[in-house]
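Heavy atoms only: backbone and side chains are in, while hydrogens, waters and symmetry mates are out.
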Amino acid sequence: NKDFGGFVMPDQAVTPRYVVQKTTQATLDFTAVMAMASRVFAVDPSEQLRDLSPVCLEAARNAMKWAEKNPAVIYKQPADIKTGEYGGQDIQEEHFWAQTELALAEGNPSAVTDVSGIKPETPQWNNVSMLGIISLALTDNQLFGETKNAAVTLLTVYADELKRKSEISPYRVSLDFFAWGSNSDVANQAMLKLVAMKLTDDAGYLPSIQGDVDYILGRNATGYCFVTGFGHLAPMNIHHRPSGADKVAEPMPGFLVGGPNISVMNDCLPAVRRSSFPAASYTDSECSYSTNEICINWNAPLVFVLGAMDARK
């Protein structure tokens, strides 16, 4: 939509929607996802998905060709578009991720950039290079031996740093800054430590991972289980349009909310008072998109982490 829609059910969301601009960054992200999908579908038990594998690979190749011909098409928000802008001038991380996933899909190690230049960081919507590192570290393709080893080292060194942070944290988490979607950082850090544990077979990561899970499920400064529908104190007023419009008091269950946030403190009118302590700067208010929003980029790592932990039973 040109502007944010109201809290209505999907069948009532009839305002026209627009594809605003094709950009290099979005194209590279598409390349990476299609290339990874091609690898995953190629070994799927379903014949239909196996048949989809080459289609995805061709889409990835075509997208990469377009990105290479258009290396600097950066998104610029038009004046009449009022929804959130996902900006940024740097495309190097998207390019590394796309290049890596396509190289893995094609079995071509020479197409991967030297990983020594990658700064290890927690994955976020605007920081995707570690997604390529994870894929390289987990590949079983022997052709990528040297690059894989470098990726494993980079990832495990960073995971060790996260583990050390959690060991001195009052809440036993690696998180040390509460930005927008801080719960996504907790979930993604747990994901990195899970991958490191798989790569090294070192159960020493487990207490730190468990600390992240415990934090999300209620052992935090707010006392909230940040997943809807669970625990004795869970979010009831999430910033999620169907949950706010379906005339059911409880929100849809199983959603992870954004969590404490000191980057945006005034998102409700009239203003809702929030704690000045970073770890407690959260409000269970429908208007608080900065703390109670539902986004796929923090629910996805939550599913990964909970699935992995459940599989350890």
Side-chain angles (χ1 to χ4, degrees), residues 1-8 10 13-37 56 58-103 111 113 117-133 135 177-185 188 239-241 258-259 261-269 287-301:
N1 302 2
K2 286 190 173 184
D3 205 343
F4 288 106
F7 277 69
V8 298
V14 295
T15 306
R17 296 191 173 197
Y18 300 85
V19 175
V20 179
Q21 185 184 350
K22 182 162 53 175
T23 69
T24 307
Q25 288 159 311
T27 304
L28 290 169
D29 288 337
F30 179 82
T31 300
V33 172
M34 288 296 102
M36 178 182 274
C56 291
E58 184 66 17
R61 287 168 172 161
N62 289 337
M64 182 59 94
K65 288 176 185 176
W66 188 93
E68 288 171 345
K69 289 179 181 177
N70 301 274
V73 181
I74 306 300
Y75 181 76
K76 181 175 175 56
Q77 184 93 314
D80 61 339
I81 302 294
K82 306 301 181 185
T83 52
E85 176 180 355
Y86 290 81
Q89 300 294 313
D90 186 5
I91 68 165
Q92 295 309 307
E93 291 182 355
E94 287 87 353
H95 192 269
F96 173 77
W97 184 33
Q99 190 181 53
T100 297
E101 298 295 352
L102 193 54
T113 303
I118 301 300
K119 180 182 178 182
E121 293 181 297
T122 301
Q124 296 175 331
W125 68 266
N126 58 349
N127 183 352
V128 296
S129 56
M130 284 297 282
L131 303 182
I133 293 296
S135 291
F177 184 78
F178 296 85
W180 195 314
S182 60
N183 284 340
S184 72
D185 293 330
N188 276 307
H239 191 83
H240 177 249
R241 281 156 175 77
N261 176 3
I262 59 169
S263 298
V264 175
M265 294 292 291
N266 301 303
D267 53 358
C268 289
L269 292 174
C287 57
S288 186
Y289 48 82
S290 72
T291 69
N292 232 23
E293 184 181 22
I294 304 302
C295 286
I296 194 170
N297 57 301
W298 44 77
N299 281 270

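- Of all the heavy atoms in A60 and A35, the pair that sits closest is CB-N, 3.7 Å.
- Looking at N297, its side chain never comes within 3.5 Å of a backbone N or O of W125 through a donor-acceptor pair.
- Of the possible polar contacts, one joining the N188 side chain to the P123 backbone as a donor-acceptor pair under 3.5 Å is found.
- Annotation: D3, atom CG; neighbour count of heavy atoms from other residues, nucleotides and ligands within 6.0 Å is above 12.
- Closest of all the heavy-atom pairs between C268 and S288 is SG-N, 3.4 Å.
- A distance-only check finds a donor-acceptor pair linking the side chain of K82 to the backbone of A79 [under 3.5 Å].
- At least one donor-acceptor pair under 3.5 Å links the side chain of N299 to the backbone N or O of C295.
- Taken from CZ in R61 to CD in E58, the straight-line distance is 6.5 Å, to the nearest 0.5 Å.
- N261 and T291 share no side-chain donor-acceptor pair at under 3.5 Å.
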Where do Q77 and Y75 land on the side chain to side chain contact (heavy atoms under 4.5 Å, CB included) test, with the steps shown first? CA-CA 6 Å; Q77 184 93 314; Y75 181 76; 2.5 Å; yes
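- With sequence neighbours left out, D80 forms a side-chain hydrogen bond (donor to acceptor under 3.5 Å, both in side chains) with K2.
- The two atoms that bring V20 and I81 nearest to each other are CG2-CD1, 4.1 Å, heavy atoms only.
- Nearest heavy-atom pair across T23 and I74 is CG2-C, 4.3 Å.
- Side-chain atoms of Y289 and F4, non-hydrogen and from C-beta on, never get closer than 4.5 Å to each other.
- Proximity of Y18 to P16: side-chain heavy atoms (C-beta onward) are separated by under 4.5 Å at one or more points.
- N183 pairs by the side-chain hydrogen bond (donor to acceptor under 3.5 Å, both in side chains) definition with nothing, not counting sequence neighbours.
- Taking CD of Q99 as the reference point, atom CD of E68 lies at 8.5 Å (rounded to 0.5 Å).
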Are W298 and E293 close enough, and set up right, to give a side-chain hydrogen bond (donor to acceptor under 3.5 Å, both in side chains), and what steps lead you there? CA-CA 10 Å; W298 44 77; E293 184 181 22; over 6 Å; no
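- Summarising the geometry, atom CD1 belonging to I118 is positioned 4.0 Å from atom CZ belonging to F96; distances are rounded to the nearest 0.5 Å.
- Summarising the geometry, atom OG belonging to S129 is positioned 10.5 Å from atom CD belonging to Q92; distances are rounded to the nearest 0.5 Å.
- Minimum heavy-atom separation, A67 to L28: CB-CD2, 3.6 Å.
- At least one donor-acceptor pair closer than 3.5 Å links the side chain of Q25 to the backbone N or O of G88.
- One distance of note links CG of D29 with CD of E93; it measures 10.5 Å at 0.5 Å rounding.
- The closest donor-acceptor contact from the side chain of S184 to the backbone of G181 lies under 3.5 Å.
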Stepwise side chain to side chain contact (heavy atoms under 4.5 Å, CB included) check, V8 with R241: CA-CA 6 Å; V8 298; R241 281 156 175 77; over 6 Å; no
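- Formation of a donor-acceptor pair under 3.5 Å by the Q21 side chain with backbone atoms of K76 is found in this model.
- Across all their heavy atoms, A37 and C56 have their closest contact at CB-SG, 4.1 Å.
- Looking at E101 and T31, their side chains never bring a donor and an acceptor atom within 3.5 Å of each other.
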I262/F177 under side chain to side chain contact (heavy atoms under 4.5 Å, CB included): CA gap, chis, key distance, verdict: CA-CA 9 Å; I262 59 169; F177 184 78; 3.9 Å; yes
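- In this structure, F7 has its ring center under 6.0 Å from that of H239.
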Could you go through the ring-ring contact (aromatic ring centres under 6.0 Å, His included) check for W66 and F30 one step at a time? CA-CA 11 Å; W66 188 93; F30 179 82; over 10 Å; no
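- Between N127 atom CG and T122 atom OG1 the span is 8.0 Å, to the nearest 0.5 Å.
- Remark: Y86 OH is loosely packed, at most 12 non-hydrogen atoms of other residues, nucleotides or ligands lying under 6.0 Å away.
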